Every structure is written in C-alpha cells, then in structure tokens.
Trainee: 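Dropping the structure in here first, questions after.
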Protein chains: 2
Amino acid sequence: MSLPHAILTALLEKPSSGLELTRRFDKSIGYFWSATHQQIYRELGKLEAEGLIRALPAEQPARGQKKAYEVLPPGRAELARWTGAAQDPKPVRDALLLRLRAAAVVGTAGLEADLRRHLELHERQLAEYREIERRDFPPGKNGPQDRLRHLVLRAGIDLETFWTQWLGHALSEFAHLPDAGEAEPSGEPRA
Amino acid sequence: MSLPHAILTALLEKPSSGLELTRRFDKSIGYFWSATHQQIYRELGKLEAEGLIRALPAEQPARGQKKAYEVLPPGRAELARWTGAAQDPKPVRDALLLRLRAAAVVGTAGLEADLRRHLELHERQLAEYREIERRDFPPGKNGPQDRLRHLVLRAGIDLETFWTQWLGHALSEFAHLPDAGEAEPSGEPRA
DNA sequence: CCACCTTGTGCAACTAGTTGCATAAGGCGT
DNA sequence: ACGCCTTATGCAACTAGTTGCACAAGGTGG
C-alpha cells in the first residue's frame, strides 16, 4: 500500500502530470519505489476521487493534454500519518539467492555469466548514486531535509556496495569450484 | 515466476508434504523466498499437473492425509534451465526508504520509533543467521554445495549487517535533528 | 496534405501474492 | 460418546503489480 504515498511525496516535492511523475519515478523516487506509468495513472485517478489530490486547472482537459496534479491538505495529512505509522518489513524475495541455492542441487551451468552481468548492473547503479551524491550533497548542504534525503541515498549506495562486493566474492568462489555439473557428490550421472 | 522453482529446490533437497514445505519456507528457504501455505498448495497442484513432480504413493490420499511429493526428471531439468537462464534483477521497492523521503517533506513524527523497531528486528535476524553459520558451516565443511549454500547465507548476514548499521546511523541522525515537525523551512505552520 | 512519429493518457487482461475461511481426520479429556 | 484441539489440505475473493494495446493531439518530412 505504498504507491499512493510515493506519489503524494513526489507531488509534494513538485506538482506534476502523469508523465512527469513517470519520468521522476524512473530517476530519483523510483530508485527505491519503482512504478510503471499505468500504475501511476490509475493511482492518480483514485487519489483524485478520494480528494487527496486535485488536477491543477489548466487549459481544456482533453485527451493528449497534460494534466498536472497537486496535493490537497487531506493528502498531506494522510502521508504524514502513513509515514509515522508502524509497518512490518515485508518478507525478502530474492531470485538470485534462490538460484544459487538451486545451483547447489542441480549444478551451476550458466549461472556464472548472469552473476557477472548482475555485477555490472550493480556497479553501474553504484556509480550513478555516487555521482548524484557528489552533485546534490556537497559538504555545505546539511539542513534537516538534506540530511534525510542524503540518508536515503546513503542506503542506496551501501546496498549497491554490498551487492558488488558479494557478487565479486561469489564469482571468485565460482573460479575454483569443480566446474559446472551437479556440484553434488551423490548426484546421478548426467544423461 | 520463482515460487515453483523455490519449491522444486526444496523438494530436491528433501521430498515433503505441503505442510512440511511450509515449515521449511518459514526457516531456511523462506529467508530469501517467503511463501504462505496457500501459495505452496496451489503451486504443488500446478507442478503436479504439469508433470514436474508427483505425489509419493502413500496410503490413501484422503483429506487430512499427508501427501508427500518428489521431483520428476522434467522438474529437475526445468529447475536447471531456470537457474542458468539470464534474469533481470527486479526493481527495488522499499517502504522504509520511501517513508524517510516522505519525512523530509511532511515531518518525522512517529518515524523514529519504527526505525528503532526495525533495527531490533534486523539485529535479531542477524543473530539467527550467525547462529546458523556457526552450526551448519564449521571450518571443515567446504565441499562444492557447502560453499554455495554458505555463500547464500553470507549474503543474508551481510544484508542484515548493512541494515543494522544503516538504521543505527539513521537513528543517530535523528538524535540531532530539529525535532519532529515539518523538517522544511518553507512548510506552512502546522494547524 | 497526409502518412508517420512522438508525447501523453488510459483501459483490459493477466500474474503473483495475501487474507480469510472451510473442511476433514485423528487424538485427548471428561 | 461428545466436544474440542491440532494437523493438514484446500477454495475464493481480494490487492498489487505487469503487459499489451488503444487512442488522441500535434509536429515533421516527402
């Protein structure tokens, strides 16, 4: 139940149309809460119906027209409530770790290449985060909101750092593993 | 599309009934791919229908009877295929980070308590992982499957370590933040 | 001047996961 | 022998997210 709140946050930072929101979700906010444009449009409709946001009175609201939204007081209140309410972390689901575990049973064939690919993706993401940090959080900037936002970015950086390190470690393990195959002494002879 | 593969892995490790699987998902496998018993039963039905697993011929398959499943060769093949196939990491969705970002706009009221609670949860999980490591991976054990499984556990340990550290850092930031409120110089005076 | 591309909005159908409840068998106490 | 608890299996309805497509407006090039 977080997408509406992600949208409220984005709209409070800057009133936007659906497509503008979509673009921003592909950058800053989407780094830790991704969403497709269809999700966003649907949610904008709901939020408007609930009276939490409203369309800024632009020209004519015809099709193919930009329609910008802003947050209404009840929307801000709801966001504040949600932010402060207790929430349980949702259970982990990580396919890569699952695949590694499966590999222990059915063999590692093909996995190494994908680990390498993931490593590259995470390295790229890490580089991007560092660039954002350099650009948006120079040493002087440390008002309360800056500190909070920097904290979030730090989480992103540290997470990507973890993944790159772990993947590096995993690949080095693969390097001296009894190649591919069942990886199981008791496995049946293949074919 | 990973739940069926999680189940195949679990069944290869040890043929089990639905409930036994559920219990194991609450422990080892579920640490990185959680599932409820309803998901598991449904998926067992599908896997059986597809001919990837079969029910072990037990007594009478009446209701309230244990029904254990084992993986058939096509099931093993499918798992091997999936494990080696390239897969994109799925986009991140972390509500806690989102809430922090929201807090930069609508204020931090209530958040600190929940951060503290999350810190405790992660510390507990970390302790559990370390205990498993101590118990299941003593210095001698390092055959190929041991190495792979240890690698997975290491990821869990390092992830929990990251979270505990980051949450600690976040809480220390909160400690010298201009208390609660809007955390925004330009915010409207509350109420 | 019209075919085609881009921008922006949106519906419909599908997949995956969650929640709440139903049902059956067997043991246990009184 | 009856109610009740635990174990085990499962259906149905719901929520959240994904995928594929449709459609309108406005610009662009042959």
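This one's a predicted model, so the numbers in the text were calculated from it and none came from an experiment. Note on naming: letters A, B, ... go to the chains in the order of the sequence lines (proteins, then strands), and numbering restarts at 1 for each one.
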Trainee: Could you state the CH2-P distance from B/Trp33 to C/dT18, rounded to the nearest angstrom?
Mentor: 10 Å

Trainee: Using whole Å, what does the distance between atom C1' of nucleotide D/dT6 and atom CG of B/Leu19 come to?
Mentor: 11 Å

Trainee: Of A/Val106, A/Asp114, A/Thr108, which is the lone residue that meets side chain to side chain contact (heavy atoms under 4.5 Å, CB included) with B/Thr83?
Mentor: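 When side chain to side chain contact (heavy atoms under 4.5 Å, CB included) is applied between B/Thr83 and each of A/Val106, A/Asp114, A/Thr108, only A/Val106 qualifies.
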
Trainee: Let me test you: for the helix from C/dC1-D/dG30 to C/dT30-D/dA1, what is the angle between the axes at its two ends (five pairs each), rounded to 10 degrees?
Mentor: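 End axes: 10° apart.
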
Trainee: Under 4.0 angstrom, heavy atoms only, what part of the nucleic acid is A/Ser17 near: base, sugar-phosphate, or nothing?
Mentor: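 Result for A/Ser17 = sugar-phosphate.
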
Trainee: With side chain to side chain donor-acceptor pair (under 3.5 Å) as the test, would you mind laying out the steps for A/Glu173 and B/His150 before giving the verdict?
Mentor: CA-CA 11 Å; A/Glu173 279 282 12; B/His150 196 171; over 6 Å; no

Trainee: From A/Glu70 CD over to A/Ile53 CD1, what is the distance, rounded to the nearest 0.5 angstrom?
Mentor: 9.5 Å

Trainee: What integer distance in Å separates A/Leu21:CG from C/dG8:P?
Mentor: 12 Å

Trainee: So which one's nearest nucleotide on DNA chain D is more toward 5', A/Leu3 or B/Tyr69?
Mentor: B/Tyr69

Trainee: Does anything in residues 37-53 of chain A reach DNA chain D, meaning a heavy atom under 4.0 Å, and if so which residues?
Mentor: A/Gln38, A/Gln39, A/Arg42

Trainee: Is it the case that A/His118 and B/Gln87 place a side-chain donor and acceptor less than 3.5 Å from each other?
Mentor: no

Trainee: Let me know the distance between CD1 of A/Ile7 and P of C/dT9, rounded to the nearest Å.
Mentor: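 It works out to 13 Å between those atoms.
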
Trainee: Looking at B/Arg130 and B/Glu133, does any basic side-chain N land under 4.0 Å from a carboxylate oxygen?
Mentor: no

Trainee: Could you tell me whether A/Arg117 and B/Asp88 have a side-chain N and a carboxylate O separated by less than 4.0 Å?
Mentor: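 Salt bridge between A/Arg117 and B/Asp88, a charged N being under 4.0 Å from a carboxylate O: yes.
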
Trainee: Can you check whether B/Arg93 has a side-chain N or O nearer than 4.0 Å to OP1 or OP2 of C/dG17?
Mentor: no

Trainee: Between A/His5 and A/Glu78, do the side chains contain a donor N or O and an acceptor N or O under 3.5 Å apart?
Mentor: yes

Trainee: Only pairs under 3.5 Å count here: list side-chain donor-acceptor contacts from residues 30-37 of chain A, not counting sequence neighbours, and write none if there are none.
Mentor:
unit_1, atom_1, unit_2, atom_2, d
A/Tyr31, OH, A/Glu128, OE2, 2.3
A/Ser34, OG, B/Arg93, NH2, 3.4
A/Thr36, OG1, A/Gln39, N, 3.4

